[in-house]
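Notes follow once the structure below has been shown.
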Number of protein chains: 2
Amino acid sequence: MLRQHEVAERIKQYILQNRLGPGDPLPTEAELCDAVGASRSSVREAIKTLTALDIVEVRHGHGTYVGRLSLAALVESLTFRGLLSRADDLRVLSELVEVRQTIEQGLAGPIVAAFDESLRRELLDLADQMAERAARGESFVEQDREFHLLLMEPLGNELITQLTAAFWDVHAIVARTLEVSPESVRETVDAHHAIVRAAAAGDVAAFTRAVEAHYAPVKRRLQEGRGPGGAHA
Amino acid sequence: MLRQHEVAERIKQYILQNRLGPGDPLPTEAELCDAVGASRSSVREAIKTLTALDIVEVRHGHGTYVGRLSLAALVESLTFRGLLSRADDLRVLSELVEVRQTIEQGLAGPIVAAFDESLRRELLDLADQMAERAARGESFVEQDREFHLLLMEPLGNELITQLTAAFWDVHAIVARTLEVSPESVRETVDAHHAIVRAAAAGDVAAFTRAVEAHYAPVKRRLQEGRGPGGAHA
DNA sequence: CTCAATTTGTTCGTATGTATA
DNA sequence: GTATACATACGAACAAATTGA
């Protein structure tokens, strides 16, 4: 009998020892059973574990492959935590906002340094779109996500980009039912413009202030406790 | 037939709707089968997925419970990514160091503001221990981990503390076989003392510089590519 | 201490859904 | 359309761990 943990570990070892990368095919379930000496059920459960971590990826009727090694697990995990604390307080969301702000402010220098004209145009375009959509009372979540990701991409640090995406996703899901005032929306849109302006001007201090202004409305809203629209489901 | 994802989703919903928290007991596997109308195998696989995310926790012969909702999944996932890229280059580790530095520098202000005498003593004690152990050629990983965690704790942001721990853990595992020169070790130990001094003096700029100096040796080592001791296993 | 009850861990056999050739 | 390969799902039986009588 093999402990469950052991099976998953052996599959990971198989990937490492064979120098496999994302998308590479893994042996079939039957072959894996043979290789690690466990039953199908055990192997399947181990695969389930690795799938949750995006270490392996399964395509029904096709085969199992090495996964993309994304931060999907972090999103799942953090999101659930957020939803669980959602009813009582908004602490997790509050902490998450703090983390997002810290990262963007902490990278103010490198971001401003890597800023160029084409990025400026793209971000300005997004900020303008946000303003337009906000004026029409429409949501601008897509533009917001793209904005914050584009800000990070020039740094060439994939982990930072993925963490930014992950935190944004968690934030979006957990805060989904949170109501925001029209003033807050305008404030947020303005902050995006201010961020672009500061970066284009090469003004790190102004950039930091703009990021602070960007998160200020959300932080105010979170400190109010759960007001209207704060109910879950 | 129920899609695999559906079963996990229903268990999550069960936890949310019943307002359960970490440690609370879940129905037995048999009861869950009844509740979600799936076979035991399917339920077990769903539980496996949720276990990987630390949303549920299983104790053999005892029962299944709501998990601690830790960032264990992030550690697992990132660690594997690091080990996978380990053979070729050290890019993941390099990016990770950048993230750690960014967070600590980004929080320089709040950290210095929340700094007090008792924390100063604790950190100084740890830094002294590191110096002693380094002088004897011993490892000081425990002290290093504690140092970086203690630095964050006064902020009262659990997520930041857990992220710090997670990133530290990944770093420690992925960089395990990386050799460091004696000069680098001394430099690192000195940096810890400098961090304490800067924080105690309330000097944010000095704190930021000290953090930079702390990560400088590692970053140098990583830019050298894989030198002696860089081989895996 | 031993026994029995409960619960999770592991295995096997079988049937079904899905994709490729 | 058929055949093949593969993952998905189910159910039953037995093993192992924990608890309490």
Side-chain angles (χ1 to χ4, degrees), chain A residues 1-15 18 20-70 72-73 76, chain B residues 1-15 18 20-70 72-73 76:
Chain A
M1 179 202 59
L2 272 178
R3 14 192 134 271
Q4 44 182 148
H5 190 70
E6 192 100 23
V7 180
E9 215 58 37
R10 290 205 193 184
I11 295 176
K12 289 202 285 184
Q13 285 304 320
Y14 176 90
I15 296 174
N18 291 70
L20 301 184
D24 288 345
L26 258 57
T28 67
E29 287 185 353
E31 288 171 324
L32 279 176
C33 295
D34 240 26
V36 306
S39 71
R40 268 185 205 75
S41 307
S42 295
V43 168
R44 278 182 61 77
E45 289 185 7
I47 288 177
K48 273 297 194 181
T49 297
L50 298 178
T51 300
L53 302 174
D54 206 9
I55 288 176
V56 313
E57 185 188 344
V58 178
R59 274 176 264 174
H60 191 165
H62 198 268
T64 74
Y65 304 83
V66 178
R68 305 183 191 292
L69 305 174
S70 71
E76 282 284 323
Chain B
M1 181 200 59
L2 270 178
R3 8 191 137 271
Q4 44 183 128
H5 191 69
E6 192 98 23
V7 180
E9 215 57 38
R10 291 205 193 184
I11 296 176
K12 289 202 285 185
Q13 285 305 321
Y14 176 90
I15 297 174
N18 291 70
L20 301 183
D24 288 344
L26 259 55
T28 67
E29 290 184 352
E31 289 170 323
L32 280 176
C33 295
D34 238 27
V36 307
S39 72
R40 189 166 168 229
S41 309
S42 298
V43 168
R44 278 184 60 79
E45 288 185 9
I47 289 177
K48 271 299 197 179
T49 296
L50 299 178
T51 300
L53 302 174
D54 206 9
I55 288 177
V56 314
E57 187 188 342
V58 178
R59 274 177 264 175
H60 190 171
H62 198 268
T64 74
Y65 304 81
V66 178
R68 305 182 191 291
L69 304 174
S70 72
E76 283 284 322

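The analysis underlying the following values was restricted to heavy atoms, covering all of them including side chains, and did not include hydrogens, waters or symmetry mates. We name chains A, B, ... by the order of the sequence lines, and we start the count at 1 in each one. Just so it is clear, the structure is predicted and the values come from calculations on it, not from any experiment.
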Under 3.5 Å, which N/O atoms of the protein pair with N/O atoms of nucleotides 2-7 of chain D?
| from | atom 1 | to | atom 2 | distance (Å) |
| --- | --- | --- | --- | --- |
| D:dA7 | OP2 | A:E29 | N | 3.1 |
| D:dA7 | O4' | A:G61 | N | 3.3 |

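Rounded to whole Å, atom P of C:dT8 lies 13 Å from atom CD of B:E57. Rounding to whole angstrom units, NE2 of residue B:H5 and C1' of D:dT8 are separated by 16 Å. Distance, B:L32 CG to C:dT7 C1': 12 Å, rounded to whole Å. At whole-Å resolution of the value, CD in B:E45 and P in C:dT11 are 14 Å apart.
Under the side chain to side chain contact (heavy atoms under 4.5 Å, CB included) criterion, A:S70 pairs with A:D54, A:A72, not counting sequence neighbours.
In this structure, CD1 in A:I55 is found 9.5 Å from OG1 in A:T49, a value given to the nearest 0.5 Å.
Interface remark: the B:R40 side chain does form a donor-acceptor pair with the C:dG9 base, using a distance-only criterion of under 3.5 Å. One cannot find a donor-acceptor pair under 3.5 Å joining the base of D:dC10 and the side-chain atoms of B:S42.
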Side-chain polar contacts of residues 27-35 of chain A - donor-acceptor pairs under 3.5 angstrom, sequence neighbours left out - could you list them?
| from | atom 1 | to | atom 2 | distance (Å) |
| --- | --- | --- | --- | --- |
| A:T28 | OG1 | A:E31 | N | 3.2 |
| A:T28 | OG1 | A:E31 | OE1 | 3.4 |
| A:E29 | OE2 | A:R44 | NH1 | 2.9 |
| A:E31 | OE1 | A:T28 | N | 3.0 |

Run the side-chain donor-acceptor check on residues 57-66 of chain B: report pairs under 3.5 Å with partners two or more places apart or on a different chain.
| from | atom 1 | to | atom 2 | distance (Å) |
| --- | --- | --- | --- | --- |
| B:H62 | ND1 | B:Y65 | OH | 2.3 |

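Formation of a donor-acceptor pair under 3.5 Å by the A:N18 side chain with backbone atoms of A:I15 is not found in this model.
The partner of D:dT2 is C:dA21, judged by Watson-Crick or G-U wobble contacts that both fall below 3.5 Å.
For the ring-ring contact (aromatic ring centres under 6.0 Å, His included) condition, no pair includes a residue of residues 25-46 of chain B, sequence neighbours left out.
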